[in-house]
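Ligands are counted one by one from 1 in listed order, and the atoms in each one are counted from 1 as well.
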Amino acid sequence: MRIGHGFDAHRFGPGSHVVLGGVNIPHKRGIEAHSDGDVVLHALCDALLGAAGLGDIGQHFPDTDERYRGIDSRELLRQVVARLYEAALRIGNVDLTIVAQRPRLADHLPAMRANIAEDLQVEPARVNLKATTTERMGFVGREEGIATYAVALLVE
Ligand code: MG
């Protein structure tokens, strides 16, 4: 078995929605990012790449590369998953904690779980998602941005 950890954070900017776990969530602000700014999927990609010993998302999809401007992060996740399967690795389970003061995410977790399970090509029971606030402490608490922690277990 191989374990990996991922973390990502993105700053809020102008906009009317955020994309988290491939789900479009209406909000009074957007996310500043080169891609669609999906911190959930970016942290997950890093956990998967970490478990596989394949570096990190920035090495595979550099933000200096115009091909990735505004890209749907589900496409990045699917490319990462393809590399895992090429390396004869299978996904045991993944667990993610989204840290956001706002927007409220509980209602959106089932749709995120379904998206991620589909992209990982696993049953939803292998994908767990949680959302928490920071009780108004720190950059998340000041509503400056959103962060996500992810862990992934791969099986050789
Ligand atoms: Mg990112």
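Using a 3.5 Å distance cut-off with no hydrogens or angles, the side chains of R29 and H17 do not pair a donor with an acceptor.
Between the Mg ion (ligand 1) and D38 there is no N/O/S contact shorter than 2.8 Å.
Taking the Mg ion (ligand 1) as reference, D8 places its N/O/S atom OD2 nearest. Of all N, O or S atoms in H42, the one lying closest to the Mg ion (ligand 1) is ND1.
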* To do: Dump the intermediate steps for side chain to side chain donor-acceptor pair (under 3.5 Å) on S73 and H42, then the final yes or no.
  => CA-CA 7 Å; S73 293; H42 294 180; 2.9 Å; yes
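Among all heavy-atom pairs drawn from A150 and A43, the shortest one is CB-O, 3.6 Å.
No side-chain donor-acceptor contact under 3.5 Å links H108 to the backbone of G21.
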